[in-house]
Amino acid sequence: MPNIKLKINLVDKRKIFPIKAQYDPETRIATAKRSLRQNFPSKFIIDPDHIYQQQTKRNKFEFVCYVDVATRQSIDTLEAHVIHSEKPINGNIKNTLDYLIEEKFWKSIIQKAKLPLSTVLIMLFAGCGIFYVIREILLPIFGVK
């Protein structure tokens, strides 16, 4: 299923910031890059019931959603007491959405932990590793005990 263009209104206490995002209906996660230099895009959990159609100036429709910055989840605009949320920002949800579900993040961690073959060979031939290679591998190949 293709991604849907979505206009997200970020609600931060009493301020609203509009940003553009791509919404994936299968995972129900919206991805938004706030600037060109942002490496990892911000991600938000969107409930499909909280997406509305809004008419633009040229008689076109766009999808609009309101998201609370503190919880990174969509909010229902019909509930007036939810819009002015006084909750602190939840760092666990932010890290989970931005980094822990990102494939690039996990590939970079695996790449850092993995030793290349050239490094392993250099470490093997340095010090007592060369003695082991000669005594245990090369001499038995040539028949010397």
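Along the sequence shown, the residues carry numbers beginning at 1.
- In this structure, CG in D68 is found 10.0 Å from OG in S74, a value given to the nearest 0.5 Å.
- Among residue pairs with one or both ends in residues 108-123, none qualify as side-chain hydrogen bond (donor to acceptor under 3.5 Å, both in side chains); sequence neighbours excluded.
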Go through the steps to decide whether D76 and D49 satisfy the test side-chain contact (heavy atoms from CB on, under 4.5 Å), and finish with yes or no. CA-CA 8 Å; D76 192 9; D49 294 333; over 6 Å; no

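- Residues I4 and P25 approach most closely at CD1-CG, 3.9 Å, considering heavy atoms.
- Between V64 and E62, the closest side-chain pair of non-hydrogen atoms falls below 4.5 Å.
- Through side-chain heavy atoms spaced under 4.5 Å, either directly or across other Ile, Leu, Val, Met, Phe, Trp or Tyr residues, V120 is tied to L115.
- Using a 4.5 Å heavy-atom threshold, the side chains of Q54 and F63 count as separate.
- Under the 4.5 Å side-chain criterion, counting only non-hydrogen atoms from C-beta, D24 is not in contact with T31.
- For the side chain to side chain donor-acceptor pair (under 3.5 Å) test, residues two or more places apart in sequence or in another chain that qualify with Q55 are N59.
- Contact record, P41 with K33: CB-CG, 3.7 Å, taken as the closest heavy-atom pair.
- Between L6 and I51, the closest side-chain pair of non-hydrogen atoms falls below 4.5 Å.
- By the 4.5 Å heavy-atom criterion applied to side chains, C65 and K7 are not counted as neighbours.
- Between F17 and D12, some side-chain heavy-atom pair lies under the 4.5 Å cut-off.
- V11 approaches I16 most closely through the heavy-atom pair CG2-CG1, 4.2 Å.
- Atom CD1 in I46 sits 11.0 Å away from atom CZ in R72 (nearest 0.5 Å).
- Interatomic distance, CZ of R28 versus CD1 of I45, reported as 11.0 Å (0.5 Å rounding).
- Counting only heavy atoms from C-beta outward, the side chains of I8 and F44 approach each other to under 4.5 Å.
- In the hydrophobic clustering of this structure, F61 does not group with Y52; members are Ile, Leu, Val, Met, Phe, Trp, Tyr whose side-chain heavy atoms approach within less than 4.5 Å, directly or through other members.
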